[in-house]
Amino acid sequence: MRAAFRRRPLRWTLPGAILLALLLLQWWQPGWAARAELWSVDARFTLRGQEAPRFPIIIVALDESSAQSLGDLRGENIRMWPRSRWAELVEKIDALNPRLIGIDVMFDVPDPCNEANDVRLSEAIAAAGNVVLVSHLEHTGYFTYELTTLSPPIASLDLAAAGSGLVDLPLDDDGSIRRLVPVYSWEGQNHPTFSLVLATLYNGAPVRVDARDLQPDSALPINFRGPERTFRTVSMVDVLEGALSAGDARLFEDAIVLVGYTTLLEQDRHFAPFSTRQDSGDEGIAGVEIHANVIDTLLAGDWLRRPPAWLSITLVAVAGLVALAVLNLNEPARALLILSGYAAAYLIAGQLFFIRADFILPMAAPVAAAVAVGGAALGERWVFVEHEKRHLRQRFAGMMSEERLEAVMERWDRLLEAERPQKEAAILFADIRGFTSATETLMREGRIAEMVCFLTTYIDTMSEAVCAEGGVIYDIVGDGLMILFGVPEPDPEYARQAVKAAVDMALATETLQEAWPLRDCRPFGMGIGVHCGPVVDAVVGRGRRVKYAVIGDPVNTAARIESHCKAVMELPRPPGGQVPETVTILLSDRVYAQVREHVLVDESVPPFEARGKAEALEVVRLLGVCKDDRNCSGCAPEQ
């Protein structure tokens, strides 16, 4: 991987710039991905599923059933109830021996029917001695002017109650409720919330909250237990008419009883975790049930913990660097698979932290960083890859058959690896005998254009013979050809293919005799040398200088064998075989050992000393190959 980075320093530029921008954004505007993060928290609640409440909390719902029953039976409208009826409800609940009664209904103005009803309710509340009422902060805005007023219960009720608290809960950017502010500050005084008052009275001591758990707006994330009706809910009409089952009646003993509206008309329903998005038609969760979740969270002390700012920045950096590192691997499919594995592991870790430690591991910003940086890396990679592939295609075009070229292009990235394995391959060198002197003669006679035309025909003819056997034309220098078999794509038949190609090239010279500019002076002839052994091939260079290189001693040895063809041409040649007498083909002993049973050779060629070689090279002269690939063992040229 390090080698890949060293080869492609520009691949860091755009993704690195995007990662740096995201880090600065996370530092300067930590809430830039807040909405997506909130949705990820909702998803974690859904994956966790419903949990049982930790404490006994009962909801007495002023629901549609109660509204319809009381309306049909008594002609009452619970939305316009006199306070005396509320007094009756308090007395009925108190008779069931609850620890606390919390009424989530505003009593901030006197009874419009009869003020005596307020006295009746205050007496019921005082007699119970455990009722908590709600107050409300009213926000009124006019253009740039905003006024906040406190709406507490009327004085007589407030004095009779065991306590009162603010019912306000902050809304997130998407209009959902996920947090509570335990204490609000208004006009220099601290006002606890309705849920905090109930939790404190139930505990008999203040609820301890670590300052580090509070968000910048002094809020705590609520640990919702589940969807609506996770807390035991009974209809108000059943309480009033004494229709509770014995089991439900026992649930009220020493419990916190919350009374509140659950009907749509009262508009006390809100979107929260376990309810779907607002545009889906979901009616949300009743406010009284949200308060039940808040109370249970405060009593259990398991409110959700959010990470410090430095951790979010660190996770964004790590996510971006991992995406950049992985997507710079040479194999995109493997890189995407690894990155997907990292992402899955991170998501699982986030869910486990959420379930086991009530900790909200940041998801949106790190995932966005991975996607943005990874997408930039992939896009930049595509640009670089297509650029390099275009150069490679141009370099390989004409060197090999179209089918082989496509196979190479499918695995081109392997050729870019610095640590390439050795491959067994055959190397064939060929050139025209007497080409230099022929060129000089034609230049003196002003016929050099004829040689240029002949070279074009010669290269086209040789290319057809080579590509037919799966060879790769590695280099063309004047009349000299260097041809590879077994690379770039490995082929176990590389030696036989090289020998067949050499014979096909030799036979093709017969059609070139008529095009040879000096045919009236001397025949057209060639020398071909073939050797095999381990080589290393790779693509070297980048940008404008991209080259396919083959390295190994067999390359030099094949070149020495081809040069020796000039001397062997002077040696007597036995008759027989398909190779024309104007062409000399020499095979190294290593090649001959692999194709011995399929070729006709002259073994009388003596070993020769080659420059740079400690030992003499042993070669044989190729006369032909067996037709139909039959075994040539035992065949020998006529002497």
Side-chain angles (χ1 to χ4, degrees), residues 33-64 102 104 167-182 193-195 198-199 213 215 219-235 256 258-264 266-306 347-348 350-364:
R35 179 165 293 195
E37 186 66 33
L38 293 175
W39 292 342
S40 79
V41 172
D42 292 351
R44 278 175 263 190
F45 273 117
T46 301
L47 290 173
R48 187 204 68 188
Q50 180 176 332
E51 292 183 344
R54 309 293 195 274
F55 291 85
I57 300 176
I58 307 297
I59 296 175
V60 175
L62 282 69
D63 53 9
E64 294 293 342
D104 184 18
V167 77
D168 303 74
L169 289 170
L171 295 178
D172 287 325
D173 292 338
D174 62 350
S176 296
I177 292 177
R178 299 181 182 87
R179 301 169 294 141
L180 74 130
V181 176
T193 59
F194 175 62
S195 301
L198 284 166
D213 294 339
Q215 296 179 211
L220 287 174
I222 305 168
N223 195 342
F224 284 84
R225 304 310 185 199
E228 191 164 27
R229 303 190 77 85
T230 295
F231 292 84
R232 184 71 179 98
T233 303
V234 297
S235 181
I256 298 175
L258 299 179
V259 180
Y261 289 102
T262 61
T263 57
L264 289 174
E266 296 304 320
Q267 298 182 353
D268 190 19
R269 300 186 69 87
H270 310 274
F271 295 98
F274 292 106
S275 67
T276 54
R277 300 269 54 82
Q278 299 183 32
D279 56 2
S280 66
D282 192 335
E283 299 173 352
I285 298 177
V288 67
E289 180 123 16
I290 293 177
H291 287 300
N293 280 278
V294 174
I295 295 168
D296 205 59
T297 297
L298 290 172
L299 290 174
D302 62 351
W303 47 81
L304 302 178
R305 274 81 175 173
R306 291 190 178 273
L347 293 176
I348 292 172
Q351 188 65 27
L352 290 176
F353 272 108
F354 186 80
I355 295 173
R356 304 288 185 183
D358 302 319
F359 183 79
I360 302 176
L361 189 68
M363 290 288 181

### Task
Flag the pair Leu258 / Leu198 as yes when at least one side-chain heavy-atom distance between them is below 4.5 Å, and no otherwise.
yes

### Message
So for atom CZ, which belongs to Phe55, do other residues, nucleotides or ligands contribute more than 12 heavy atoms lying within a distance under 6.0 Å?
### Response
yes

### Contact check, side chains of Asp296 and Phe231, non-hydrogen atoms, under 4.5 Å
yes

### Query
Parallel, tilted or perpendicular for Phe45 and Phe224, by the 30°/60° rule?
perpendicular

### Query
Looking at Glu228 and Arg269, does any basic side-chain N land under 4.0 Å from a carboxylate oxygen?
yes

### Query
Taking all non-hydrogen atoms of both residues, which atom of Ala272 and which atom of Ser275 are closest, and how far apart?
O-OG, 2.6 Å

#### Entry: Minimal non-hydrogen separation, Leu361 against Glu37, with atom names
O-OE2, 3.8 Å

## Note on the structure
d(Leu352 CG, Arg44 CZ) to nearest 0.5 Å is 11.5 Å

### Close side-chain approach of Ile256 and Leu299, heavy atoms under 4.5 Å
yes

### Query
Are any non-hydrogen side-chain atoms of Trp303 and Asp213 less than 4.5 angstrom apart?
yes

### Message
Checking Asp104 against Val259 for the side-chain contact (heavy atoms from CB on, under 4.5 Å) test, could you report, in this order, the C-alpha distance in whole Å, the side-chain angles of both residues, the deciding distance, and whether it holds?
### Response
CA-CA 6 Å; Asp104 184 18; Val259 180; over 6 Å; no

### Query
Can you name the closest pair of heavy atoms from Ser195 and His291 and give their distance?
OG-ND1, 3.3 Å

### Task
Compare every heavy atom of Met363 with every heavy atom of Gly350, then report the nearest pair and how far apart it is.
CA-CE, 3.2 Å

### Task
Would you check if Thr262 and Val288 make a side-chain contact, meaning some heavy-atom pair closer than 4.5 Å?
yes

### Task
Could you grab the distance from atom CD1 of Ile285 to atom CZ of Phe271, nearest 0.5 Å is fine?
10.0 Å

### Message
For the CD atom of Glu51 and the CD1 atom of Ile355, what is their distance to the nearest 0.5 Å?
### Response
8.0 Å

#### Entry: Heavy-atom pair with the smallest gap, counting every atom of Pro227 and Glu289
O-OE2, 3.7 Å

### Message
Less than 4.5 Å apart, side chain to side chain, heavy atoms only: is that true for Arg229 and Ile59?
### Response
no

### Task
Name all residues meeting the side-chain hydrogen bond (donor to acceptor under 3.5 Å, both in side chains) criterion together with Thr230; count only those two or more places apart in sequence or in a different chain, and write none if there are none.
none

### Query
To the nearest 0.5 Å, what is the distance between CZ (Phe274) and CZ (Arg225)?
10.0 Å

## Note on the structure
What one should report as the nearest heavy-atom pair of Arg178 and Pro273 is CG-CD, 3.9 Å

### Query
What distance separates Ile222 CD1 from Leu298 CG, expressed to the nearest 0.5 Å?
8.5 Å

### Query
Is there a side-chain contact between Arg48 and Asn223, using heavy atoms and a 4.5 Å cut-off?
yes

### Task
Determine whether Leu220 and Pro182 make a side-chain contact, defined as any pair of heavy atoms from C-beta on separated by less than 4.5 Å.
yes

### Audit row: Val181, Asp168, side-chain contact (heavy atoms from CB on, under 4.5 Å) steps and yes/no
CA-CA 8 Å; Val181 176; Asp168 303 74; over 6 Å; no

### Query
Does any N or O in the side chain of Arg54 come within less than 3.5 Å of the main-chain N or O of Ala52, such that one atom is a donor and the other an acceptor?
yes

### Task
Rounded to the nearest 0.5 Å, what's the gap from CD on Gln351 to CZ on Arg356? Could you check?
11.0 Å

### Message
Please check: side-chain N/O of Asp174 versus main-chain N/O of Ser176, any donor-acceptor pairing under 3.5 Å?
### Response
yes

